[in-house]
There are 2 protein chains.
Amino acid sequence: MLGEATADWQSKRREAARREILAAAWAVARENGLGALTLREVAARVGMRAPSLYSHFASKHAIYDAMYGQAWAEYDRAAEAAVRHLPAEPRRVLREIARQYFEFATADMPRHQLMDLRTIPDFTPSDESYACAVRVYDRFRTVMASIGITADEDLDLFVALIGGLADSQWANDPGGDRYARLLDRAVDMYADALHLPPEEP
Amino acid sequence: MLGEATADWQSKRREAARREILAAAWAVARENGLGALTLREVAARVGMRAPSLYSHFASKHAIYDAMYGQAWAEYDRAAEAAVRHLPAEPRRVLREIARQYFEFATADMPRHQLMDLRTIPDFTPSDESYACAVRVYDRFRTVMASIGITADEDLDLFVALIGGLADSQWANDPGGDRYARLLDRAVDMYADALHLPPEEP
DNA sequence: GGACGATTCCTAACCATGTTAGGCGAAGCT
DNA sequence: AGCTTCGCCTAACATGGTTAGGAATCGTCC
């Protein structure tokens, strides 16, 4: 039987190794694109051979899964910070949420691709990773509720709207700001449709 | 030198073979998903071995390219038909375009994935295939111009809106009709923002 | 202190898939 | 008939995910 202290030390080493592998995976994805993320390349960056990664992750999908969870957790942190200083006016709240999402989505292409479940064929996140995404959505729902928007359809519409703009940004003007301008118009369209009062100047 | 009649006959056989291969590729994609589209599988369905496909397509990407062109050409035909009986009221025109796109996009998942350039890594359509997509966009721009919408930003916004809803449909409610209902709301939002007159009952 | 057990890395290899090389046979041209 | 062309074949290669099995390391226990 392993002693408690040892188990703790070992699990810390395990965690460190996992973190290092994930960091390498992110580096590869950012430098050469998600498509270039190969086990042999990741392994090389941490001074290992590909099969050794299996001591830390059950499969390549497990690495994707961890990255997926990390990305959503990252977004959750950013959103949490933003929620603490929410404007008073509902319309400004919408704008804030929209901008936050858009900035996060357009700041890092591989991260954004990874957060989209359609990107990796046959990928389904683990419960744990998926919970990170759900947490974000719960926070979003709470904020929306605080300005009186609770209907599922209203929430879905807002998400589709902002998501469509972020995707269009990547598809049609990566690196530019063409859709950032449209974002404000979209938010206003949406706010008008829901009869939110205009902003004070 | 080959005789004229023979060349013609041979090129017809070549075309027939290409069509057969593409049909098999579509069948595989629809039955087992885009990810299951493998050269060996396609070849098997047309009674060949994988390398023989290279007599008809330069690479797997060339097959994707042909499928991409076909998909957009298909949409172009559908759009052309719709354009011939456009309603008189601008708002109804928008609704018509939106519904048309949404229905086409949600009718066939692999086709929709393929029409999105992000789906296949490192895929860039040939000029010829891309022209099919451009043709669709030109038609769209013409119709929009006919109801007085010409600004690039207005067009981009509409496309992002409808595209976002179609993507959300696939992501969150495949097989359902949750986002079809939202489509009409989105169109109205957009039409209101552009001060289009309401529809007559 | 030495044997045991777990852990972690390695090499070798397997399988799937896109792709290339090279050959064989049929079919048409001259 | 002889030559060329074409379409298909088999064999093989490169890459990439994965598995099998072994060796080294390190903490634990007698």
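Not measured: the values here are computed from a predicted model.
The aromatic rings of F158(A) and Y190(A) sit tilted, their planes meeting at an angle between 30° and 60°.
Taking a 4.0 Å limit (strictly below) on heavy-atom distances, residues 51-67 of chain B reaches DNA chain C at P51(B), Y54(B), S59(B), K60(B). Of all the residues in residues 32-42 of chain B, L37(B), T38(B), L39(B), R40(B) reach under 4.0 Å from DNA chain C with at least one non-hydrogen atom.
A salt bridge does not link R135(A) to D138(A): none of the charged nitrogens lies less than 4.0 Å from a carboxylate oxygen. Under a 4.0 Å N-O distance rule, the pair R91(A)/E199(A) does not qualify as a salt bridge. A salt bridge is defined here as a Lys NZ or Arg NE, NH1 or NH2 lying under 4.0 Å from an Asp or Glu carboxylate O, and E74(A) with R111(A) meets this definition.
Checked against the 6.0 Å centroid criterion, the rings of F102(A) and Y179(A) do not qualify as a close aromatic pair.
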Using a 3.5 Å cut-off and no angle test, enumerate the donor-acceptor pairs between side-chain atoms of residues 40-52 of chain B and protein atoms at least two apart in sequence or in another chain.
residue, atom, partner, partner atom, Å
E41(B), OE2, R45(B), NE, 3.0
E41(B), OE2, R45(B), NH2, 3.3
R45(B), NH1, E31(B), OE1, 3.2
R45(B), NH1, E31(B), OE2, 3.1
R45(B), NH2, E31(B), OE1, 3.1

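The phosphate of dG7(D) (OP1 or OP2) has no side-chain N or O of R13(B) nearer than 4.0 angstrom. Side-chain N/O atoms of R49(A) include one lying less than 4.0 angstrom from OP1 or OP2 on dT11(C).
Looking only at side-chain heavy atoms (C-beta outward), Y137(A) and L155(A) come within less than 4.5 Å of each other. Inter-residue side-chain proximity for F104(B) and H112(B) is flagged as unmet; no heavy-atom pair is nearer than 4.5 Å.
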